Amino acid sequence: MVESDTELGLQVAERRKNRRKSFAPMHPGLQTWVETKGLAVDKNDGQKPSSELLLPIGKKKKATYEELRELVNAGKIKETKNSVRDNDWDLTEEIRSRLWPLLDSIHETNRSSLDGFYWDTATQLYGSEQVAKAAPEEELALPGFTDPQNRLYYALSPEGIARCKRIVSVVGYAYPEITYCPMMLPVSSLFLHFITEEETYNCICTLLSARHKVFLTQTKSEWDVAYITAMHLTKKFSKTAFTFLLRNVKQGEKLENVFQGWIWWIFRDLPLAHLVRVADCFLMEGMKVLYRTTIALLLSFTKTCSSDSTWSKYLESAGLESAISKYCREFSMTPQRLLKSAFSIRAFRGSEIRKVSTKVEMLLKSNKSSSALPKMKRSKSNENLPSSQSQMDIQMMSHTLAIKELLVLWQWLPVRITMYQPVLLYTSDEHGCSLTTFFNRVENHEPTILIIKTTTDEVFGAYCSSMWAVRNQKDERGERQRYFGTGETFLFTLGPEKRQYPWVGIKPPVDNSDGEAENDEDSPNQNNSRSRHRGDELFMHADTHMISIGGGQGQGICLDEDLRFGKTESCLTFNNPPLCESKDFEVRVLEVIGFTGM
């Protein structure tokens with residue numbers, strides 16, 4: 001509440017000095033004061049007052065570190081997320097020395113394993129904890145998973161650069177399975193502006209090992225999935241921007257090539273103040289924030305080029321990639337305004353991102369013959385196989401899988417899952433035939449493989465992409481989810497025939513050299529279009545009486561509550577035939593395989 005004319009005058013003067021405008025209604029008391037004091041006309045431009053009259057400052061108090069820590073310790077993740085979005089902390093504020101480690105701690109899985117490891121390893125590799133202050137940039141070699149063209153240090157000192165390179169090198173030593181992670185070095189450089197070397201290393205390790213969110217891609221295939229996902233999300237949530245980009249792609253180029261640099265529009269081109277605020281939210285919410293920010297940038301770029309002849313001419317002469325990069329470098333919107341635009345995109349949910357990225361991953365996986373895509377690295381194990389010990393364990397304990405069948409099944413798994421080793425979670429021969437026991441042993445594991453051997457020696461099953469515990473989660477209306485899972489789920493047979501039945505939402509990609517939109521979800525000719533049936537996304541279902549995988553005009557696999565009898569039918573989700581000769585079957589053995597280290 002403004003208490004005096006003097007205070008009002010100071011606020012108006014400050015507002016005019018900073019030239020910060022708002023379309024919000026003016027406070028009635030201030031409006032009266034402006035009219036009575038004759039300040040309704042700006043002496044500089046002579047324009048009359050309008051709805052754009054400057055407002056009093058009235059700055060909102062920013063959250064403190066202690067307040068955020070209290071929210072985190074209380075497990076109030078949603079409140080923490082909203083606070084991080086809303087608080088526009090400056091680069092020099094005291095909270096910055098502790099904010100990012102706090103946000104990073106939310107995603108920790110095993111902090112004790114990190115304590116002391118960094119300096120032990122760094123000393124072992126480099127002989128000392130000390131770094132020469134005048135160390136040249138070339139003194140320390142970087143792992144091959146960095147991007148030589150985008151090694152960004154954000155004006156770190158030579159000593160800071162050396163420390164950053166040492167962090168990335170130790171990470172490469174600790175995570176030998178990482179083959180391509182261009183973002184690691186820029187993110188490490190950002191951390192070093194605010195926290196110590198060891199804290200930076202611990203934060204990077206937490207981001208790499210986070211279970212429920214993706215922060216840093218670790219293979220070239222994951223990197224490709226991310227940029228194609230960004231393109232598809234732009235098309236879905238900002239058709240105006242997507243259409244504009246498509247219209248301005250030069251002849252012979254692909255829009256896909258433009259999106260290959262999407263992450264660098266944020267990490268390389270945006271001003272540092274904008275990048276740091278995006279990073280605040282990124283450390284809280286993961287890649288979703290980067291997708292949102294990209295769409296907001298492209299929408300702003302589209303509006304500017306459409307209304308500003310200078311930018312439209314530059315776009316025409318320099319091309320789309322150069323124009324977007326330059327626009328981000330000269331971005332005039334405030335950091336908080338950019339985030340507000342990004343978070344105002346409606347219906348932009350994590351489930352939608354997972355759905356799109358899963359579809360893209362499966363499309364890339366099915367397009368192995370394409371020379372434009374690199375060979376995908378699939379596992380820590382040699383030749384993409386389970387370890388010898390895991391093979392022996394499965395063979396000794398399983399009544400459904402021989403090593404040969406295990407290796408066939410292994411080739412059908414999503415790329416990232418093959419980095420982990422299989423373990424038998426449940427077998428009806430040992431644990432009994434009870435749906436309650438089944439859930440107790442497997443429901444918190446993700447993903448799982450369900451394998452059935454019938455009394456007629458037919459073997460078939462399903463790869464289940466989500467935890468069975470999701471059956472108990474409730475939607476916005478308080479109702480339990482009837483179906484859950486993702487498009488990674490698939491059915492298969494191992495005997496007598498070996499065959500995989502993936503989700504029908506995956507279709508072969510269309511080769512398009514003219515820059516046209518690919519895999520148009522709105523096309524009437526698309527296979528299994530949503531307009532035909534809802535059954536194409538009925539992946540997993542479970543209650544106290546039965547479990548099923550696949551639905552729509554039939555159930556792919558259905559088991560009763562005693563796990564003794566079941567049926568298999570053709571279903572729309574996987575477009576499969578019945579998985580055994582007789583649709584109704586009796587279970588001889590039911591087994592569930594999970595993965596260690598997930």
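Note that the structure is predicted; figures quoted are calculated from it, not measured.
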Identify whether the distance between the nearest side-chain nitrogen and carboxylate oxygen of Asp429 and Arg588 falls below 4.0 Å.
no

Glu352 with Lys236: basic N within carboxylate O range, under 4.0 Å
yes

Aromatic Phe439 / basic Arg471 pairing, under 6.0 angstrom, 45° off normal:
yes

Tell me if the centroids of the rings in [X] and [Y] come within less than 6.0 Å of each other.
X: Phe585; Y: Phe460; result: yes
X: Phe490; Y: Tyr501; result: no
X: Phe215; Y: Phe282; result: yes

Partner set under side chain to side chain contact (heavy atoms under 4.5 Å, CB included) for [X], not counting sequence neighbours:
X: Thr217; value: Glu222, Trp223, Ala226
X: His545; value: Asp543, Glu561
X: Thr437; value: Tyr426, His431, Ser434, Arg441
X: Ser357; value: Val225, Thr229

Rounded to the nearest 0.5 angstrom, the CG-CG distance for Leu255 and Leu245 is 6.0 Å

Residue pairs, two or more places apart or on separate chains, that pass salt bridge (Lys or Arg N to Asp or Glu O under 4.0 Å) and touch residues 563-579
Arg564-Glu586

I'd like to know if the side chain of Thr493 and the backbone of Leu579 have a donor-acceptor N/O pair within less than 3.5 Å.
no

Does the plane of the ring in Tyr291 sit parallel, tilted or perpendicular to the ring in Trp262? Use 30° and 60° as the thresholds.
parallel

Checking Arg354 now: which residues fulfil salt bridge (Lys or Arg N to Asp or Glu O under 4.0 Å) with it, not counting sequence neighbours?
none

Would Thr219 and Thr179 satisfy side-chain hydrogen bond (donor to acceptor under 3.5 Å, both in side chains), going step by step from the backbone distance to the final call?
CA-CA 5 Å; Thr219 66; Thr179 59; 5.1 Å; no

Hey, are Thr456 and Thr454 close enough side-chain-wise for a donor-acceptor pair under 3.5 Å?
yes

